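Since the structure comes first, as structure tokens, the remarks are kept for the end.
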Amino acid sequence: MGSTGSIGTQSLEVIDEMRSMRGENSGDYNVFALCANNNVELLENQVRKFKPEFCVVYDESSANDLRIKLKDTSTKILSGIDGINFIASHEKTDYVINALMGEIGLRPTLTAIRAEKSVGLANKETLVAAGDIVKAEAKKSGADILPIDSEHCAIWQCIQGENKQDTEKLILTASGGPFYGRKREDLQKVTVADALRHPTWKMGKKITVDSATMMNKGLELIEACHLFDVSPDNVDIIIHRESIIHSLVQFIDKSVKAQLSLPDMKLCIQYALTYNNSGGKREKSKCKELDLTELKNLSFAKPDDETFIFPELARFAIKEGGILPAVMNAANEIAVGLFLKEKIKFLDIFDSVKKTVADWEHKNIKNPNIDDIIESAEDVKRNFVSKYI
């Protein structure tokens with residue numbers, strides 16, 4: 001799901017590499033379905049290469065275009081959220097990679113989990129908006145949720161073979177984005193091009209802006225609490241500009257374990273994709289080797305919480321619980337979208353999201369169901385510009 005985005009395209013590259021190393025006809029990694037929003041040209045190429053049984057295009061008119069382009073193939077073209085949920089729960093689906101962007105990824109995740117599918121989760125919004133509900137459904141069905149991002153994959157690797165009760169603290173690393181070291185007054189004239197100039201990672205536009213504001217660390221903090229069942233007070237964030245150490249775990253004896261590698265999302269995609277299939281054993285990859293002798297420096301610093309307010313705002317939101325994390329996420333999604341369209345300024349992202357959370361703090365629903373979460377997020381989006389910009 002999200003096959004034409006950054007994670008989706010790299011996931012298909014990993015699958016292609018695994019198939020080439022194991023043999024094209026090994027049967028271990030076959031693409032049953034692809035799903036994306038409206039990138040018809042890339043979807044057509046992906047379908048012709050991987051020959052899935054189904055391809056879902058969220059946008060109906062784009063789905064019709066793709067049907068015409070692929071009329072010479074046997075791939076069935078579906079559309080809309082019904083099509084996405086259909087492939088998420090299909091009896092032939094074993095493993096779902098959810099790399100959809102935004103809250104649209106929430107319901108398909110729940111559909112896959114309820115159908116007892118393993119889910120490689122790259123959609124941050126699923127756990128941020130509805131982590132308690134998603135975890136409860138996974139516990140009920142026995143479905144696995146396997147994180148596809150560098151920080152949570154690093155933590156996951158560090159706790160292998162350890163007793164959970166021995167874990168004292170999770171430490172998420174952050175590159176600091178393109179504006180590390182700048183104060184609020186230095187960010188008044190930031191352009192979209194400036195915000196998209198990430199120092200180490202190549203990602204989609206939305207997540208790159210989230211990195212520039214450090215909202216990505218706020219979302220990852222909330223995700224970590226749900227994935228690893230820890231208190232937000234036991235999750236730290238540190239700046240590590242080189243992006244070589246992807247996260248760390250501190251244990252009760254004060255030992256610290258870290259996972260190091262060159263910045264390459266394909267490593268954590270492969271780890272999550274192959275984990276169940278290989279019984280937890282590592283598999284060879286085509287990722288570039290880290291040469292420690294070439295490293296000039298590994299630096300660490302505390303984040304500037306006064307300028308980059310989102311990690312601490314996220315900590316507050318998850319402590320308050322209820323619909324507040326979903327509200328914060330929805331506000332950020334809209335604000336980033338407006339910034340990318342050059343309709344608001346960079347600093348407006350911080351101010352509008354902070355205002356939204358403060359407003360909704362007083363009408364929080366403490367034990368929401370999935371409809372409460374989705375409706376509150378939609379309410380934020382409907383009224384965002386008039387109330388918070």
Side-chain angles (χ1 to χ4, degrees), residues 100-110 113 121 123-140 145 152 170 172 206 210 213-237 303 305-306 308-338 344 347-389:
L100 294 169
M101 184 60 67
E103 288 179 12
I104 189 177
L106 175 54
R107 285 198 187 276
T109 299
L110 286 170
I113 287 171
L121 192 60
N123 173 262
K124 293 181 181 296
E125 291 78 7
T126 290
L127 290 177
V128 170
D132 290 335
I133 293 172
V134 172
K135 282 170 55 187
E137 291 290 343
K139 185 176 182 181
K140 189 188 304 181
I145 301 174
H152 300 120
L170 308 182
L172 299 171
K206 195 267 183 181
D210 282 348
T213 64
M214 286 197 66
M215 175 57 90
N216 68 323
K217 286 309 131 180
L219 301 180
E220 287 168 12
L221 184 152
I222 295 175
E223 283 185 283
C225 293
H226 290 303
L227 282 168
F228 304 109
D229 195 24
V230 297
S231 162
D233 290 329
N234 296 113
V235 182
D236 282 354
I237 295 170
D305 295 330
E306 290 186 9
F308 300 95
I309 62 172
F310 284 149
E312 290 309 308
L313 187 65
R315 197 186 305 273
F316 168 78
I318 191 174
K319 282 185 175 182
E320 291 294 307
I323 60 172
L324 219 54
V327 164
M328 181 193 74
N329 179 71
N332 180 67
E333 198 172 311
I334 291 296
V336 171
L338 290 171
I344 65 173
L347 289 177
D348 291 333
I349 302 175
F350 296 97
D351 298 339
S352 59
V353 174
K354 184 179 179 180
K355 286 179 193 174
T356 309
V357 172
D359 185 19
W360 281 79
E361 179 188 353
H362 306 294
K363 46 185 176 181
N364 196 6
I365 302 171
K366 281 295 187 178
N367 294 297
N369 58 36
I370 197 67
D371 291 329
D372 293 329
I373 289 169
I374 291 175
E375 177 54 34
S376 63
E378 290 302 317
D379 192 22
V380 168
K381 293 176 182 180
R382 279 193 298 269
N383 299 291
F384 189 76
V385 173
S386 61
K387 292 186 72 173
Y388 305 114
I389 295 295

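Quantities reported herein were computed from a predicted structural model and do not represent experimental measurements.
Ring orientation note: the planes of F310 and F350 are close to parallel, at an angle under 30° on the 30°/60° scale.
Across I334 and F384, no two heavy atoms sit closer than the pair CG2-CD2, 3.3 Å. Nearest heavy atom pair, residue P311 against residue K217, reads CG-CB, 4.1 Å. The two residues A326 and A377 have their closest heavy-atom pair at O-CB, 4.5 Å. For A335 against S352, the heavy-atom pair with the smallest separation is CB-OG, 3.8 Å. Minimum heavy-atom separation, V128 to I222: CA-CG2, 3.8 Å. Residues I145 and A138 approach most closely at CD1-CB, 3.9 Å, considering heavy atoms.
For NZ of K363, the number of neighbouring non-hydrogen atoms (other residues, nucleotides, ligands) closer than 6.0 Å is greater than 12. Annotation: K366, atom NZ; neighbour count of heavy atoms from other residues, nucleotides and ligands within 6.0 Å is above 12. Within a 6.0 Å radius of CG in N367, other residues, nucleotides and ligands contribute 12 heavy atoms or fewer. The environment of NZ in K381 is crowded: more than 12 heavy-atom neighbours from other residues, nucleotides or ligands sit within 6.0 Å.
L227 has its side chain out of reach of L121: every pair of non-hydrogen atoms, C-beta onward, lies at least 4.5 Å apart. Residues L110 and V134 have side chains in contact (heavy-atom distance under 4.5 Å, counting atoms from C-beta outward). When side chains are defined from C-beta on, R107 counts as touching I374, because their heavy atoms get closer than 4.5 Å. Annotation: side chain of N234 is not in contact with side chain of L170 (no heavy-atom distance under 4.5 Å).
Looking at N332, its side chain never comes within 3.5 Å of a backbone N or O of M215 through a donor-acceptor pair. Formation of a donor-acceptor pair under 3.5 Å by the N364 side chain with backbone atoms of G321 is found in this model.
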- request: Using the side chain to side chain contact (heavy atoms under 4.5 Å, CB included) rule, take D229 and K135 through it: C-alpha gap first, then chi angles, then the decisive distance, then the call.
  value: CA-CA 10 Å; D229 195 24; K135 282 170 55 187; 3.9 Å; yes
field: Steps toward side chain to side chain contact (heavy atoms under 4.5 Å, CB included) verdict (E333, V380)
entry: CA-CA 10 Å; E333 198 172 311; V380 168; over 6 Å; no
- request: Let me see the working for L106 and E125 under side chain to side chain contact (heavy atoms under 4.5 Å, CB included), right down to the final yes or no.
  value: CA-CA 7 Å; L106 175 54; E125 291 78 7; over 6 Å; no
- prompt: Step by step, would you call L219 with M328 a side chain to side chain contact (heavy atoms under 4.5 Å, CB included)?
  reply: CA-CA 10 Å; L219 301 180; M328 181 193 74; 4.0 Å; yes
message: One pair to check against salt bridge (Lys or Arg N to Asp or Glu O under 4.0 Å): K139 and D132. What are the steps and the verdict?
response: CA-CA 11 Å; K139 185 176 182 181; D132 290 335; over 6 Å; no
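With 3.5 Å as the limit, one finds a donor-acceptor pair spanning the side chains of Y388 and D359. A donor-acceptor contact closer than 3.5 angstrom is absent between the side chains of D379 and S376.
Remark: I389 CD1 to N383 CG distance equals 12.5 Å, nearest 0.5 Å. Atoms CG and CG, on N216 and L172 in that order, are 10.0 Å from each other to the nearest 0.5 Å. How far CD of E220 is from NE2 of H152: 5.5 Å, rounded to the nearest 0.5 Å.
The pair K206-D210 meets the salt-bridge criterion, since a charged nitrogen lies less than 4.0 angstrom from a carboxylate oxygen. Using a 4.0 Å cut-off between charged nitrogen and carboxylate oxygen, R315 and D233 do not count as a salt-bridge pair. Checked for salt-bridge contact, E103 and K124 miss the test: no charged N lies under 4.0 Å from a carboxylate O.
Checked against L338 for a side-chain contact (heavy atoms from CB on, under 4.5 Å), the options I349, I344, D348 give a single hit: I344.
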